[in-house]
Amino acid sequence: MKRFVFATNNPHKLEEVKAIIGTKIEILSLKDIGCHADIPETADTLEENALQKAKFIYEKYQCDCFADDTGLEVEALGGAPGVYSARYAGDAHNSEANMRKLMHELEGTDNRRARFRTVFALILNGKEHLFEGIANGHIATVRRGTAGFGYDPIFIPDGYTLSFAEMGNELKNKISHRAIGVQKLCKFLHTL
């Protein structure tokens, strides 16, 4: 069985990715390898942040790994919050504050088009590979649902009337930006 470290400290992401990948590939967490470092995310793009995290693990632990970075890109805000999505309202990674700030900035705006974009960076045998997943949709005018995390209560994907936070993990894990990126990653891994 192939084994990879997923370079994240976010238990929600870890659970989501493990559910999408299934049991054919073993996914280890940072905790599983004894990594308790606060891995830097100081780049200006999702691609660079994902690579920065994957390189940190590969160089320190010499194991095949992947990392991701995700951003919510809102059309009316010129693509913001984008790479700064997790710390949009400050450095505290406070989802409630981030959503409040975003909703405030969209008040009176008819264009609520947005997309979630995830980039996965895989380092396998020292070689770097990138995979992207995009979920297009729009920002709701009110919070809806309690499942999920981050901006899920205010993001409604195209073709659906439910927010990510209302649809539950089974459906979300089939259509989300992270699911699309992970599926591309898995397809690549299964060709090895």
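The first residue in the sequence is number 1, and the count goes up from there. Every heavy atom of this structure was used, including side-chain atoms; hydrogens, water molecules and symmetry mates were not.
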Work out which heavy atom in [X] is nearest to a heavy atom in [Y]; give both atom names and the distance.
{"X": "Arg3", "Y": "Leu28", "value": "CD-CD1, 3.4 Å"}
{"X": "Phe56", "Y": "Ala37", "value": "CZ-CB, 3.8 Å"}
{"X": "Pro81", "Y": "Leu72", "value": "CD-O, 3.1 Å"}
{"X": "Ser95", "Y": "Gly150", "value": "OG-CA, 3.5 Å"}
{"X": "Gly145", "Y": "Pro153", "value": "O-CB, 4.0 Å"}
{"X": "Ala135", "Y": "Ser176", "value": "CB-C, 4.3 Å"}

With a 3.5 Å distance limit and no angle check, can you tell me whether Asn98 reaches the backbone of Ala86 through a side-chain donor-acceptor pair?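 Present.
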Looking at Asp64 and Phe4, would you say the former's side chain and the latter's main chain have a donor-acceptor pair under 3.5 Å?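 Between the backbone of Phe4 and the side chain of Asp64 there is no qualifying donor-acceptor contact (under 3.5 Å).
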Would you say the side-chain atoms of Glu132 and Thr118 include a donor-acceptor pair closer than 3.5 Å?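 Judged by distance alone, the side chains do not pair up.
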Looking just at side-chain N and O atoms, do Ser29 and Asp32 make a donor-acceptor pair shorter than 3.5 Å?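 The criterion, which ignores hydrogens and geometry beyond distance, is satisfied for Asp32 and Ser29.
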Atom [atom1] in [X], atom [atom2] in [Y]: separation rounded to 0.5 Å?
{"X": "Asn9", "Y": "Lys53", "atom1": "CG", "atom2": "NZ", "result": "9.0 Å"}
{"X": "Glu75", "Y": "Arg115", "atom1": "CD", "atom2": "CZ", "result": "10.0 Å"}
{"X": "His138", "Y": "Asp158", "atom1": "NE2", "atom2": "CG", "result": "8.5 Å"}
{"X": "Ile33", "Y": "Cys65", "atom1": "CD1", "atom2": "SG", "result": "8.0 Å"}
{"X": "Arg113", "Y": "Asp110", "atom1": "CZ", "atom2": "CG", "result": "14.0 Å"}
{"X": "Ser163", "Y": "Ile154", "atom1": "OG", "atom2": "CD1", "result": "9.5 Å"}

Do [X] and [Y] have side chains that approach each other closer than 4.5 Å (heavy atoms only, starting at C-beta)?
{"X": "His129", "Y": "Leu185", "result": "no"}
{"X": "Leu30", "Y": "Tyr61", "result": "no"}
{"X": "Val74", "Y": "Leu102", "result": "yes"}
{"X": "Lys60", "Y": "Cys35", "result": "no"}
{"X": "Glu16", "Y": "Asn173", "result": "yes"}
{"X": "Leu77", "Y": "Leu106", "result": "yes"}
{"X": "Ile156", "Y": "Thr161", "result": "no"}
{"X": "Leu14", "Y": "Ile27", "result": "yes"}

Counting neighbours of CD on Glu170 that are heavy atoms of other residues, nucleotides or ligands and sit closer than 6.0 Å, is the number greater than 12?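 Not more than 12 within 6.0 Å, no.
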Give the intermediate values and the outcome of side chain to side chain contact (heavy atoms under 4.5 Å, CB included) for residues Asn94 and Lys101. CA-CA 11 Å; Asn94 183 323; Lys101 179 177 179 180; over 6 Å; no
Do you reckon [X] sits in the same ILVMFWY cluster as [Y], going by side-chain contacts under 4.5 Å, direct or chained?
{"X": "Leu51", "Y": "Phe120", "result": "no"}
{"X": "Phe116", "Y": "Tyr88", "result": "yes"}
{"X": "Ile139", "Y": "Ile175", "result": "yes"}
{"X": "Val182", "Y": "Leu189", "result": "yes"}
{"X": "Ile20", "Y": "Phe188", "result": "yes"}

Could you check Asp152, Asp68, Asp69 and say which one makes a salt bridge (charged side-chain N to carboxylate O under 4.0 Å, His left out) with Arg178?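 The single option meeting the salt bridge (charged side-chain N to carboxylate O under 4.0 Å, His left out) with Arg178 is Asp68.
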[X] and [Y] ion-paired at < 4.0 Å:
{"X": "Lys18", "Y": "Glu26", "value": "no"}
{"X": "Glu166", "Y": "Lys172", "value": "no"}
{"X": "Glu128", "Y": "Lys55", "value": "yes"}

When you look at Tyr151 and Ser85, which way does the side chain to side chain contact (heavy atoms under 4.5 Å, CB included) test go after all the steps? CA-CA 9 Å; Tyr151 295 92; Ser85 293; 3.8 Å; yes
Going through the checks in order, is the side chain to side chain contact (heavy atoms under 4.5 Å, CB included) test met by Thr8 and Val17? CA-CA 11 Å; Thr8 185; Val17 167; over 6 Å; no
Side chain to side chain contact (heavy atoms under 4.5 Å, CB included), that's the test. Do Asn49 and Val83 meet it? Break it down for me. CA-CA 8 Å; Asn49 271 345; Val83 73; 3.3 Å; yes
Going by the angle between their ring planes, with limits at 30° and 60°, are His12 and Phe149 parallel, tilted or perpendicular?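 Rings of His12 and Phe149: parallel, under 30°.
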The test is salt bridge (Lys or Arg N to Asp or Glu O under 4.0 Å); show your working for Glu47 and Arg117 and say whether it passes. CA-CA 10 Å; Glu47 291 82 359; Arg117 191 165 70 92; 2.9 Å; yes
Establish, for the pair Lys184 and Phe131, whether the NZ or CZ atom is under 6.0 angstrom from the six-membered ring centre and no further than 45 degrees off its axis.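 Checked: cation-pi criterion not met.
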Tell me every residue that passes ring pair (Phe, Tyr, Trp, His ring centres under 6.0 Å) with Phe6, counting only those two or more places apart in sequence or in another chain.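 Here the qualifying residues are Phe66.
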